[in-house]
Student: 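Pasting in a structure now, in structure tokens, and then I'll have a few things to ask.
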There are 2 protein chains.
Amino acid sequence: MKTYYTGQTASFTKTIAESDVYLFAGITGDMNPVHINAEHASGTRFKGRIAHGILSAGLISNVLGTQLPGPGCVYLGQTLKFVAPVFIGDTITAKVTIQSIDTEKRRAILLTECKNHKNEIVITGEAKVLLP
Amino acid sequence: MKTYYTGQTASFTKTIAESDVYLFAGITGDMNPVHINAEHASGTRFKGRIAHGILSAGLISNVLGTQLPGPGCVYLGQTLKFVAPVFIGDTITAKVTIQSIDTEKRRAILLTECKNHKNEIVITGEAKVLLP
């Protein structure tokens, strides 16, 4: 059995491609023009198309489900604060850090954070999981 | 300008296909076997492949970004409680309901809920947005 401890971290990095945003729009039906209409998006506060916030949250789910705690963990909850936009072409790192472990209930709380290639936080929040 | 009021709702319904789960796995890199390995998944508590929790959260993002509040709103935050699993073939309805509006700051809090075709809640939580 894998050992877990407070402060333990894992991460995953991906450059967000236009295809990621368009496929995500198709899967979820989220055709908000700020994601898929370059003409419209150029006139918004963001001055260009941005990725869906929940797409970056998917990178957090990746780290939780494949690395820490990894397969067998049950995702109980997630809080997300969308701090800054993610643009097509940005390289996003999702990092999770174990904050606390309830050994009896096999539950853990993890700090979950996404940063871009400029080291700016784009998402911050917390995950609750049942350990494998 | 669109009018917003407490209790206002909007929703979106989609049957979650195998292709949705596999594309989502590819986009996010979340290859947790419970999502993409039928042999493994049949031996888990779920007894079959389940969709990524964050995939269903994308249906909430859809409603917020395309209907209520709709294009021009800024997604500030989201809390998610994963209450029950979503299986491939389940028909999921994401519904958002305005809980409160801060007219001065143009902020709103919405109850966000996903239910399956059996009317069971699978995700519950809250969204914070800046109104258009």
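Reminder, nothing fancy here: chain letters follow the sequence lines and each chain counts from 1.
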Student: With the side chain counted from C-beta on, respond yes when B:Lys81 and A:Gln78 share a heavy-atom pair under 4.5 Å apart, and no when they do not.
Tutor: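 Side chain of B:Lys81 against side chain of A:Gln78, heavy atoms only: no contact under 4.5 Å found.
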
Student: Does any heavy atom of chain A fall under 4.5 Å from the side chain of B:Pro33, the backbone, both, or neither of them?
Tutor: side chain

Student: Do B:Tyr22 and B:Arg49 have side-chain atoms, one donor and one acceptor, less than 3.5 Å apart?
Tutor: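 On atom types as modelled, these side chains qualify, holding a pair under 3.5 Å.
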
Student: Identify which of B:Thr66, B:Leu76, B:Asp20 forms the greatest number of heavy-atom pairs closer than 4.5 Å to chain A.
Tutor: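 Among B:Thr66, B:Leu76, B:Asp20, the one with the most close pairs to chain A is B:Leu76.
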
Student: At what distance, to the nearest 0.5 angstrom, does OG of B:Ser19 lie from CD1 of B:Ile88?
Tutor: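 These two atoms lie 9.0 Å from each other.
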
Student: Under 4.5 Å, counting heavy-atom pairs only, tell me which of B:Asn32, B:Ile16, B:Leu59 racks up the most with chain A.
Tutor: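 With the most close heavy-atom pairs to chain A, the winner is B:Asn32.
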
Student: Please classify the contact between B:Phe24 and chain A as side chain, backbone, both or neither, with a heavy-atom cut-off of under 4.5 Å.
Tutor: both

Student: Going by atom types only, do A:Thr91 and A:Thr15 share a side-chain donor-acceptor pair under 3.5 Å?
Tutor: yes

Student: If I take atom CD from residue A:Glu113 and atom OG1 from residue A:Thr93, how far apart are they, to the nearest 0.5 angstrom?
Tutor: 11.0 Å

Student: Which one, B:Arg45, B:His40, B:His52, leads in non-hydrogen pairs under 4.5 Å with chain A?
Tutor: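 It is B:Arg45.
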
Student: Please state whether the side chain, the backbone, both or neither of B:Val83 comes within less than 4.5 Å of a heavy atom of chain A.
Tutor: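 The answer is neither part of B:Val83.
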
Student: Tell me, side chain or backbone of B:Lys14 under 4.5 Å from chain A's heavy atoms, or both, or neither?
Tutor: side chain

Student: A:Ile54, A:Thr124, A:Ile27: which one forms the most heavy-atom pairs within less than 4.5 Å of chain B?
Tutor: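 Top count of heavy-atom pairs under 4.5 Å with chain B: A:Ile27.
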
Student: Rounded to the nearest 0.5 Å, what's the gap from CG on B:Leu80 to OG1 on B:Thr112? Could you check?
Tutor: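 Rounded to the nearest 0.5 Å, the CG-OG1 separation comes out at 6.5 Å.
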
Student: Taking every non-hydrogen pair under 4.5 Å, which of A:Gly53, A:Gly77, A:Gly70, A:Ala127 racks up the most with chain B?
Tutor: A:Gly77

Student: Apply side-chain hydrogen bond (donor to acceptor under 3.5 Å, both in side chains) to the pair A:Asp30 and B:Ser61, showing each step before the final yes or no.
Tutor: CA-CA 7 Å; A:Asp30 187 347; B:Ser61 156; 2.6 Å; yes

Student: Out of A:Val63, A:Val74, A:Ile123, A:Val34, return the one with the most heavy atom pairs under 4.5 angstrom to chain B.
Tutor: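 Highest number of pairs under 4.5 Å: A:Val74.
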
Student: Using the ring of each side chain (for Trp, its six-membered ring), is B:Phe87 parallel, tilted or perpendicular to B:Phe46, with breaks at 30° and 60°?
Tutor: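 Because their plane-to-plane angle is over 60°, the rings of B:Phe87 and B:Phe46 count as perpendicular.
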
Student: Chain A heavy atoms under 4.5 Å from B:Thr44: which part of the residue, side chain, backbone, both or neither?
Tutor: neither

